[in-house]
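Just below is one structure, and these are the notes that go with it.
Chain letters run A, B, ... following the sequence lines, proteins first, then strands; residues in each count from 1.
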2 protein chains.
Amino acid sequence: MDTLAPKGGETPFLKDEELRQGIEMMFYAYRDFTAEPDVILTRFGFGRAHHRVIYFVGRYPGMTVSSLLGILQITKQSLNRVLGQLVREGFILQKTGVEDRRQRLLELTDKGRSLEMELTANQRERFARAYRDAGDDAVAGFRKVILGLMTSDEDRDRFDYDDDAGG
Amino acid sequence: MDTLAPKGGETPFLKDEELRQGIEMMFYAYRDFTAEPDVILTRFGFGRAHHRVIYFVGRYPGMTVSSLLGILQITKQSLNRVLGQLVREGFILQKTGVEDRRQRLLELTDKGRSLEMELTANQRERFARAYRDAGDDAVAGFRKVILGLMTSDEDRDRFDYDDDAGG
DNA sequence: GAATTACGTCAGCGAGTTTGACATAAAAAT
DNA sequence: ATTTTTATGTCAAACTCGCTGACGTAATTC
């Protein structure tokens, strides 16, 4: 980094600068957040898409293909290439649903759980360090803001958030 | 969403649950954060990579190719296809450096700035809303945590952060 | 019995990344 | 002045990962 200075050094409008910093912080944080798992994944011939599938199946054992599609927001064709690979290679198990036999309930095998743990360990440590260094109040603020960045309440509701909404 | 409940409902270990929520919040927020610009980009036949280039060139006018590579952390071959496209189509201008004539200093054309504004408007609004709803203290906490998620001080130093580090 | 739902699959396309090798021009080092 | 390093660009091949569109099957619902 050499002669780099953000444009508008005289802060003609503080708000814009503040918001742009938000945009950039998201970029840098996400870039670093995914970098190390990506390295592990290449050892298995997998990519980031595999990570996401493994992560969410580990998180919600017995989840359906539909709900996974709803979370990832990709097409079933895109998912199926990745998911099929994980099933064929023994990382994920599909069980026919009991109530609705059309469903294929997904869960990790031991092999899958092992990879999930290795991948997630890094990201957990990253958050543990950031949370510890920032302190509890900062963490509460972080959660408030990042939940506010999401588009849908459906996603926000996955987290126990206490907005002023709760009467 | 149907019968989805995170594994470990009895919170056998609060920490793990807290950290996993962090991981997931990052995923959902980033997914939504990029979704709408992606739609605009397809109108121009561009992708997310073009957005990043346009954004950072707009942010740091006169930046070099090297520093852009340093920020994006991709290979020059990857960058060059995207960057070359943006130059050929008149969104970005390359000027030979004055001090170092090997450098190609990058800046947006009017056309480029116009697209940059359209793309960024959405993300700025998203942050404006999230920041406003969360309040100043929460924003300060958000910044602390998300800066802590980054790997390098070099990136943290792009932001005016007041950690206890500043003796 | 017909319509809908959950899931899968074949085929093709394109963006975006990678590695590796090579080329040119300018600057820096000797 | 020559050599080495730096900044940038380019050719080629491969792979991930998303997309659209079409079609198929089994199970459920109407």
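Residue-level contact check: B:N80 touches the bases, meaning some heavy atom is under 4.0 Å from a base atom. Looking at heavy-atom distances under 4.0 Å, A:Q85 makes no contact with the nucleic acid at all. Contacts of A:G45 with the nucleic acid, taken as non-hydrogen atoms under 4.0 Å apart, involve only primed sugar atoms and P, OP1 or OP2.
Taking CZ from A:F27 and CD1 from B:I146, the interatomic distance works out to 12.5 Å, rounded to the nearest 0.5 Å. Taken to the nearest 0.5 Å, the OG1 atom of B:T64 stands 8.0 Å off from the CG atom of B:L69.
Across the protein-nucleic acid pair, A:L69 atom CG and C:dT9 atom P stand 14 Å apart, rounded to whole Å. A:K76 has its NZ atom 17 Å from the P atom of D:dG18, to the nearest Å. Note: CD (B:Q103) to P (C:dT24) measures 21 Å, nearest angstrom. One atom, CE of B:M63, and another, P of D:dA7, lie 14 Å apart when rounded to the nearest Å. The interatomic distance linking A:L79 (CG) with C:dT9 (C1') rounds to 13 Å, in whole Å. In this structure, NE2 of A:H51 is placed 16 Å from C1' of D:dC17, rounded to the nearest angstrom. Here C:dG16 presents its C1' atom at 16 Å from CD1 of B:I54, a figure rounded to the nearest Å. When rounded to the nearest whole Å, the span between CD of B:Q73 and C1' of C:dG16 equals 16 Å.
Taking 4.0 angstrom as the limit, B:H50 places a side-chain polar atom (N or O) nearer than this to OP1 or OP2 of C:dG16. One finds no side-chain N or O of A:S66 lying less than 4.0 angstrom from the OP1 or OP2 phosphate oxygen of C:dA6. Checking the phosphate oxygens (OP1, OP2) of C:dG16, no side-chain nitrogen or oxygen of B:S78 falls inside 4.0 Å. Considering only side-chain N and O atoms, A:Q94 lies under 4.0 angstrom from the phosphate OP1 or OP2 of C:dG8. A sub-4.0 Å separation between OP1 or OP2 of D:dC15 and a side-chain N or O of A:R81 is absent.
With salt bridges taken as basic N to acidic carboxylate O contacts below 4.0 Å, one links B:E36 and B:R126. Electrostatic pairing of A:E107 and A:R113 does not count as a salt bridge here, judged by no charged N lying under 4.0 Å from a carboxylate O. Taking the charged nitrogens against the carboxylate oxygens, A:D153 and A:R156 do have a contact shorter than 4.0 Å, which makes a salt bridge.
Residue B:D100 has its side chain nearest to D:dA7 when only C:dA6, D:dA7, C:dC7 are considered. Of the listed nucleotides (D:dA27, C:dT19, C:dA26), C:dT19 has the atom at the smallest distance from the side chain of B:T75.
In this structure, A:R52 and B:L105 both approach DNA chain D, and ranking their closest nucleotides by distance from the 5' end singles out B:L105. Nearer the 5' end of DNA chain C, as judged by each residue's closest nucleotide, is the contact made by B:I74, out of B:I74 and B:R101.
With hydrogens and angles left out, the side chain of B:R48 and the base of C:dG16 share no donor-acceptor pair within 3.5 Å. A donor-acceptor contact under 3.5 angstrom links the side-chain atoms of A:Q77 to the base of D:dG21. Residue A:R102 places no side-chain atom within donor-acceptor reach of the base of D:dT28, judged by atom type and a 3.5 Å distance cut-off alone.
The backbone N or O of A:L72 sits nowhere less than 3.5 Å from a side-chain atom of B:R31 that would complete a donor-acceptor pair.
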